[in-house]
Amino acid sequence: SKPAVVTEPAIDAKTCLALSKSMEKINDSSKIEAVYAIQKRLKNCLPTANNSEVLSFLTDYQAIYGRFLTINQTIEDENFYTVMSMADEGKQVPEPLLKTLNPRLQYLIRLVEDDADVRVIYLGEGYYEFTHDLQAMVDIFIPYLRQDQKAFIERLAMDNQDILWNDGGIAISFAEVIERAQFWEDYLARYPKGYAHQDAKHLFEVYRYLLLFGSENTQWTDDSIHEFLDPEYRSLILKLARRPNSVLARDAQ
């Protein structure tokens, strides 16, 4: 006799139609288990969704975390910055210290310590916030996206894991600024009608500007623009100048 074939139970179409509504219910009093339940349903529904539905689910999913990680910090939370800075550095927060924060903050800090798809990010100038694992989000959606969407979203997830600005300075290296500018120049050339074309164009112009002019507290050259402040900058610019068919190469020249 033939071996029995075990099949996954077919996902109910109604469940997928109701998924956006379920996502909308998640807010700053929800528990992480509710988010994990959504992830599970997404993994079942995405294979049957068309492209515009996938993109719509992606927008809804990002909004979930926006609400889930909204924090209400009060005057009573006097140790907020101490606790956030410890969580950012991967240190365990002692119970008595944690108890000085409001219950929601305590809950989110525990999630960070348990590696539960939530982490603390330092925004510069003494500000902290909670964020989610963008790579985990990408892994859920990537198999169901077009190539241009995939490239765009994967790149943003990678670049947004950490901050770009810190106290009027650029928080990434000169080499990284060049690399990002090149990526967006290539993206625009490869996908002239690609996903989020205007956003890609804007990102290209931002990195192109930073490459040429630095920022208030980050300069690549001295004030008279005769010398690069680091010999490595010079060699990177010379290399960039040899890039074929490139606006950036003309800038570098």
Side-chain angles (χ1 to χ4, degrees), residues 23 25-40 42 58 60-142 153-177 179-180 203 206-207 210 214-219 230:
M23 291 201 227
K25 290 192 184 115
I26 291 190
N27 59 26
D28 58 357
S29 60
S30 302
K31 293 281 187 255
I32 192 79
E33 287 72 20
V35 177
Y36 291 155
I38 294 282
Q39 289 176 351
K40 206 170 166 201
L42 272 170
L58 178 62
D60 292 344
Y61 184 76
Q62 284 173 302
I64 278 184
Y65 277 99
R67 296 188 303 272
F68 180 75
L69 298 174
T70 299
I71 48 174
N72 172 24
Q73 192 216 335
T74 62
I75 298 286
E76 285 80 61
D77 303 315
E78 53 180 323
N79 297 311
F80 176 76
Y81 294 107
T82 311
V83 170
M84 292 295 268
S85 127
M86 286 181 80
D88 180 36
E89 289 163 20
K91 294 177 181 161
Q92 189 82 12
V93 180
E95 193 66 27
L97 183 59
L98 192 60
K99 284 278 190 267
T100 62
L101 303 187
N102 69 57
R104 185 62 182 180
L105 284 172
Q106 291 180 39
Y107 177 69
L108 293 176
I109 291 288
R110 285 278 177 256
L111 291 181
V112 174
E113 292 181 345
D114 294 341
D115 287 334
D117 197 10
V118 176
R119 65 191 189 96
V120 166
I121 189 169
Y122 179 61
L123 302 176
E125 299 179 24
Y127 288 98
Y128 291 92
E129 70 175 24
F130 291 99
T131 180
H132 66 293
D133 182 354
L134 293 168
Q135 196 50 53
M137 175 192 80
V138 164
D139 293 343
I140 293 172
F141 285 91
I142 279 300
I153 286 160
E154 269 186 316
R155 184 69 208 203
L156 273 199
M158 187 168 89
D159 290 351
N160 290 345
Q161 294 283 17
D162 283 304
I163 55 172
L164 174 60
W165 300 105
N166 188 355
D167 194 17
I170 300 168
I172 60 175
S173 69
F174 186 57
E176 178 76 5
V177 172
E179 198 273 324
R180 291 186 187 189
L203 286 162
V206 166
Y207 289 115
L210 296 182
S215 75
E216 190 189 344
N217 291 336
T218 301
Q219 295 303 316
D230 183 323

### Query
Is it true that a side-chain atom of N79 and a backbone atom of T82 form a donor plus acceptor pair closer than 3.5 Å?
no
### Query
Just checking, is any N or O donor in the side chain of Y207 or E179 under 3.5 Å from an acceptor N or O on the other one?
no
### Message
How long is the straight-line distance from CG of D133 back to CG of D139, given to the nearest 0.5 Å?
### Response
8.0 Å
### Task
Sequence neighbours left out, what passes salt bridge (Lys or Arg N to Asp or Glu O under 4.0 Å) with E33? Give chain and number order.
none
### Query
Measuring from W165:CH2 to N217:CG, what's the distance to the nearest 0.5 Å?
10.5 Å
### Value rounded to 0.5 Å, distance of CG in L97 from CE in M86
6.5 Å
### Message
Please report the interatomic distance CD1(I32) to OH(Y107), rounded to the nearest 0.5 Å.
### Response
6.0 Å
### Query
Can you check whether F130's main-chain N or O pairs, donor with acceptor, with Y65's side chain at less than 3.5 Å?
no
### Message
Using every non-hydrogen atom in the two residues, find where Y61 and I38 come nearest and quote the distance to one decimal.
### Response
CD1-CG2, 4.4 Å
### Message
Taking P96's backbone N and O only, do any of them form a donor-acceptor pair with T100's side chain (distance below 3.5 Å, no angle check)?
### Response
no
### Query
Are R119 and Y128 in a cation-pi contact, defined as NZ or CZ under 6.0 Å from the six-membered ring centre and within 45° of the axis?
no
### Query
Between the main-chain N or O of T74 and the side-chain N or O of N102, is there a donor-acceptor pair closer than 3.5 Å?
no
### Query
Under 3.5 Å, side chain of E113 to main-chain N/O of Q92, donor-acceptor pair present?
no
### Message
Measuring from atom CE of M137 to atom CD of Q39, what distance do you get when rounded to the nearest 0.5 angstrom?
### Response
11.0 Å
### Query
Are F174 and D230 close enough that some pair of their side-chain heavy atoms sits under 4.5 Å apart?
no
## Note on the structure
Heavy atoms of V83 and L98 approach each other most closely as CG1-CD1, 4.2 Å
### Query
Does OH belonging to Y127 count more than 12 external heavy atoms closer than 6.0 Å?
no
#### Entry: Heavy-atom side-chain contact between I172 and R180 under 4.5 Å
yes
### Query
Would you say the side-chain atoms of R104 pair up with the backbone N or O of I71, donor to acceptor, closer than 3.5 Å?
no
### Query
If you measure only the distance, is there a donor-acceptor pair under 3.5 Å linking the side chains of D88 and S85?
no
### Message
Could you tell me if D117 and Y36 have a donor-acceptor pair between their side chains, going purely by distance under 3.5 Å?
### Response
no
#### Entry: Salt bridge flag under 4.0 Å for residues R110 and D114
no
